[in-house]
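Side chains are part of it too, since the values below use all heavy atoms of this structure and drop only hydrogens, waters and symmetry mates.
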Amino acid sequence: MSMKKFILVFLGMMMLVASPALGADKIRIATEGAYSPFNYVNPKGELEGFDVDIAKALCETMKADCTLATQDWDGMIPALQAKKFDVIVASMAITEKRKQAIAFTNPYYYSVASYVVRKDANLADNVEALHGKTIGVQRATIHEGTIKEMFGDKVTIKTYDTNENCILDLKNKRLDAMIASRPLMAHFITHHPDAGFSFLLGMYNPVAAGIGIRKEDTELLEKFNAALDTIIKNGTYDQISTKWFGESLLKK
Amino acid sequence: MILNLIYESMPQLLKSSILTIHLTCISLIIGACLALPLALGRLSKNRWVAGFSFAYVYYFRGTPLLVQIFLIYYGLPQIGLTLDAYTSALLSLSLNTAAYTAEIIRGGIQAVAAGEIESAHAMGLNRAQVLRRIILPQMIGFALPAYGNEIILQIKATSLASTITLMDLTGMARTLAAETYAPLEIFCAAGIIYLVMVFSTSKLVTWMERRSTVYRC
């Protein structure tokens, strides 16, 4: 192949690779895909869950052409800033620190966190029982900070890529306890009674989850806020929330 | 890009690279101990010994290290054997490097001139003596350049330990990057540390190569 031909073919391939980013009307939404029942990949390889349903309902309301893709949790904000996608719908809690990096829509659900232990460990039902124990948590979540604040050096903290791997290690007894979003763990405990998990007394981190959007995309943010208002008012939101949790998650 | 952040993250990253160095060294030592018998096994005339060594080497070279780590860390608990993260990482890294090192040693042994071995036998040395005095000293000279590569690959392979909760250099870098939302700076800093480790290792190996082949000149 001559050099000229090679360069032409190369440029052509580059354009093919770059073209998806050129479709300006498409809204690219990212979610984690490992945070059941909020967002997860089903055995068929499709994204499912509360976040996914909300994202789809919002797109329908906006009559927008959306694509959904997965992104590892600990790289979510950097990837948004690097324009790998335009919107995060991944149960991300609105925090001051994250607000310095990206913008959030109005809350689309409220949640708290609780510690979860194995029943067979027979721990006393209070957080003091966790002193000297090993506690698991998903990396780069608000809960990671909570353990440090509550226990300092009194516990061993292990961080996981996904909450699912953290659950797996609590089951395997590598962990004595873990902390995660309460609605998520409640769903797990109800659907997997064989795992023998139970909540420890106490709820922490009352937070609101928001949809993350780049700060400069103010127009997109307004569109999402308007669509969120619409699905809350027309009952779509309650329908989705009831489907997954049997109640509305918009109650504080 | 904030240069300051690279500088500020260094102390924590350096502290976590102790685990990286630790995992590399211990796994290389265990791996080398397993590799010599495996290499001899590969060359053995006994069908069973050769078959076992062959199967071992092909399993560990033919499957990704990440899969081996997951198998030991997440897979074994299913049959009742729960190892902690450190042991799991060390075990998989050691077993993996043993397979590669065995092949390097085998190559080194086979590179020793057949004539030298025949003469040694003719001189009345027994098999153990031939191995110890003729084959192994030369094998080291032949195998060192390839083994130097293996050490460098092993340093980088330890980064996979971060996938099973260990806070090695990569694990710490991922945590810091997630905390600061500045992956460029943090992973640059981690990259610099890996580079220094790899560079000093390759210098060390070159020096050893020169020493071990001194008699040949």
_Closest non-hydrogen atom pair, B:Thr82 against A:Asn172_ = CG2-O, 3.4 Å
*Closest heavy-atom pair and its distance - A:Lys97, B:Thr180*: NZ-N, 4.4 Å
_Restricting to non-hydrogen atoms, name the atom on B:Gly171 and the atom on A:Arg139 that form the minimum distance, rounded to 0.1 Å._
O-NH2, 4.2 Å
*Might you confirm whether atom CD of A:Glu46 has over 12 heavy atoms from other residues, nucleotides or ligands at distances under 6.0 Å?*
yes
*Could you walk me through whether A:Thr159 and B:Arg174 pass the side-chain contact (heavy atoms from CB on, under 4.5 Å) check?*
CA-CA 11 Å; A:Thr159 53; B:Arg174 288 182 68 178; over 6 Å; no
_Quick check on the interface: out of A:Gln81, A:Met76, A:Gln100, A:Arg98, who has the most heavy-atom pairs with chain B under 4.5 Å?_
A:Arg98
*Can you establish whether the number of heavy atoms outside B:Tyr59 located under 6.0 Å from its atom OH is more than 12?*
yes
*asked:* Distance check, rounded to the nearest 0.5 Å: B:Thr175 atom OG1 versus A:Asp74 atom CG?
replied: 8.0 Å
*Is the CZ atom of B:Arg61 crowded by more than 12 outside heavy atoms at less than 6.0 Å?*
yes
*Which heavy atom in B:Tyr181 sits nearest to a heavy atom in A:Ala101, and how many Å separate them?*
CD1-CB, 3.8 Å
*Does the ring of B:Tyr73 carry A:Arg174 above it, NZ/CZ under 6.0 angstrom from centre and within 45° of its axis?*
yes
*asked:* Using 0.5 Å steps for rounding, measure from the OG1 atom of B:Thr163 to the OH atom of A:Tyr160.
replied: 11.5 Å
*Verify the neighbour count for atom NZ of B:Lys203: are there more than 12 heavy atoms of other residues, nucleotides or ligands below 6.0 Å?*
no
*Counting only heavy atoms not in A:Asp120, do more than 12 sit closer than 6.0 Å to its CG atom?*
yes
_Please check if the number of heavy atoms outside A:Glu216 that lie under 6.0 Å from its CD is greater than 12._
yes
*asked:* Rounded to the nearest 0.5 Å, what separates atom OG1 in B:Thr165 from atom CG in A:Asp169?
replied: 6.5 Å
